[in-house]
Amino acid sequence: MPILQVEHIRKSFGQTKVLDDISFSMEPGNTLSIIGSSGSGKTTLLRCLNFLERPDAGVIRVRDEVLLDAGEPKKVTDRETRRKRLHFGLVFQSFNLFPQYTALQNVTLAEELLAHDTPEWKADKSQTLKRIRDHGVELLAEVGLANRMDNYPHQLSGGQCQRVAIARALALRPDILCFDEPTSALDPELTGEVLRSIRKLAERNTTMIIVTHEMDFARDVSNTVIFMDNGRICEQGDPREVFDNPKQERTRQFLARYHGEDAR
Amino acid sequence: MDQFAQQFPVVFKTLNVGFLQTLKLFCVTLLGALPLGLLLACGEISRSRVLRTVIKVLVWIIRGSPLMIQLLIIYYGPGLLASSISAEAAASSPFLNMLRNFRWSGGEDGRFAAASVAFIINYACYFCEIFRGGIQGIPVGQEEAGLVLGMTGRQIFFKVKLLQMVKAILPPISNEIITLVKDTSLARIISLQEVIWAGQAFLKGSQGISGVIWPLFFTGVYYLAANGLLTVGFAKLEKKLGYFR
């Protein structure tokens, strides 16, 4: 059974069509990479999944629960939206860590806030806080930052910041973790460490959607690749197929340009 | 020199009393203008176009005209307005009736109340613009990061944005507050008995001392001392918030 089904998503900003009839589905534990030139709608698609944008049309289903049916104009409460968006986690291109909190606090803040008013919190506040803290420490250790827990974001490198952001997104145990060009703001030296962390997650069968310009990484790590062009899915399939044997002329052009850059 | 030594205790005591009034106006203004400014700032970034326009016009009027004139209008305005409203007109509308009957109470209390109102409105408008800049200056990514982590709007404001905003607005706010210490002297125009008024009294003659100008000059020391303290305080606060960027 697919964990995520996206059906006929459309989105326009004013006159500009940004997403045009996007449909795909993915199986649990798989990694999906989305490639395509800037402005092809990749980021907007992720933002729709995370309820940062509302699609004009289409349906989003997670494990058969309809999270969003743009055709139904019924008003959804804030509380509902919050519950629904927690199916997804999002790692931003620009990290968006909270500067006034340490790495560990960045990871634990949301979980602590969610724990308020739960029976567990009322029963034993300090025990709950300890459990959340331990979870945060564990997540930071997984991304290789056990020794930087008490550092503030400005004391960390870009790569370290992005790894904190990954740990933060994992803290709420999302069903699907989304990455929006996670290495685009990093210089090549720091890109590797972030990609390694993502690769580790893939090996542990974390369900992930990765928007990226790192072609070799996408080919290597994902089970499925989607090539987007002009708001449409131009081609999708097994990464080896899409990268080595693209069926669409547009895909070929796009990949040729990337390989050209590699050769330079 | 003998004469100065004789005058000093008298002058010092009088100026202290005046400066107490200065400080009182300063504190009341801050207590009123900081929250009112935040409220105005929230209105200015609200979705209501009408509210935004009303606040923009208010800010333009208040920031665009001298505080001294605002003081005069707020202190003398109600009396003038009342005399121009006829009894019949007042009978026809409770609002006009209220205007017709409103007076600042006589004496120093009335002057202080009027000055407080004028200063609070004036400074709230300046604070409003600073707060708005502080709120809008926070990258939109901070809000989005909070949203995807399932935070409520309240939580995002209090747990994520507020401290960043405080840090960002601290320099312009401290600037404004230091200006306020000195601006309180404008209340002299409606004869509020603040420190300048107290110093000036010795020019005309008071408590057996007349024709001396040094008390007026000496009032500067009070402002310097107050602003020195404030500067040190704000520097400490800035340092305290320096732990993040």
Side-chain angles (χ1 to χ4, degrees), chain A residues 43 46-47 49-53 77-103 105-117 150-156 161 164-165 168-174 176-178 180 185, chain B residues 34 38 41-43 45-49 51-52 130-174 233-245:
Chain A
T43 295
L46 281 196
R47 290 173 62 84
L49 293 179
N50 282 277
F51 291 78
L52 291 176
E53 307 284 355
T77 61
D78 281 356
R79 178 185 285 269
E80 268 298 285
T81 307
R82 262 181 287 126
R83 189 188 65 75
K84 286 176 173 174
R85 67 168 24 125
L86 287 181
H87 286 288
F88 296 90
L90 178 59
V91 174
F92 298 86
Q93 179 177 352
S94 50
F95 330 139
N96 296 342
L97 292 182
F98 306 132
Q100 72 269 42
Y101 294 118
T102 63
Q105 288 168 334
N106 262 280
V107 177
T108 55
L109 177 66
E111 207 181 348
E112 275 174 23
L113 292 175
L114 279 176
H116 286 300
D117 307 318
D150 297 321
N151 286 116
Y152 289 93
H154 79 268
Q155 298 167 321
L156 301 172
C161 280
V164 173
R168 180 175 73 173
L170 285 168
L172 298 176
R173 302 178 180 85
I176 300 154
L177 185 54
C178 303
D180 183 15
Chain B
L34 285 170
L38 190 60
C42 291
I45 56 175
S46 77
R47 267 172 234 147
S48 157
R49 207 196 170 102
L51 190 59
R52 286 200 313 259
I130 294 175
F131 288 145
R132 183 180 58 84
I135 295 170
Q136 292 180 334
I138 295 173
V140 63
Q142 292 289 306
E143 166 138 18
E144 290 181 350
L147 286 175
V148 297
L149 289 167
M151 294 187 198
T152 64
R154 263 181 91 88
Q155 288 170 340
I156 291 172
F157 181 77
F158 285 106
K159 297 283 180 182
V160 175
K161 289 183 173 179
L162 186 62
L163 198 62
Q164 295 182 45
M165 182 184 122
V166 168
K167 183 183 163 86
I169 65 174
L170 206 55
I173 285 280
S174 65
F234 278 117
K236 274 204 170 138
L237 210 56
E238 251 179 78
K239 206 171 157 196
K240 214 171 166 173
L241 289 175
Y243 75 90
F244 71 89
R245 254 174 245 156

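Lettering follows sequence order; numbering is per chain, from 1.
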Under a 4.5 Å cutoff for heavy-atom pairs, which residue among B/K161, B/K159, B/K167 has the most contacts with chain A? B/K159
Work out which heavy atom in B/G146 is nearest to a heavy atom in A/F98; give both atom names and the distance. N-CZ, 4.0 Å
Chain B contact via A/R168 - which portion, at a heavy-atom distance below 4.5 Å: both
What I'd like to find out is whether the side chain of A/D78 reaches to under 4.5 Å of the side chain of B/T152, using heavy atoms alone. no
Distance, nearest 0.5 Å, that separates NE2 of A/H154 from OH of B/Y243: 10.5 Å
For B/R245, does its backbone N or O pair with a side-chain atom of A/Y152 as donor and acceptor, under 3.5 Å? no
Atom pair CG/CG of B/L149 and A/N106 - distance to nearest 0.5 Å: 9.0 Å
Could you look at A/L113 and say if it's the side chain, the backbone, both or neither that has a heavy atom under 4.5 Å from chain B? both
Nearest heavy-atom contact between A/L114 and B/G150 is CD2-O, 4.4 Å
Does any part of the side chain of B/Q155, heavy atoms only, come nearer than 4.5 Å to the side chain of A/L109, both counted from C-beta? no
Per-residue contact mode, A/F51 against chain B (heavy atom under 4.5 angstrom): neither
Shortest non-hydrogen pair, A/R85 vs B/L147, comes out as CD-O, 2.8 Å
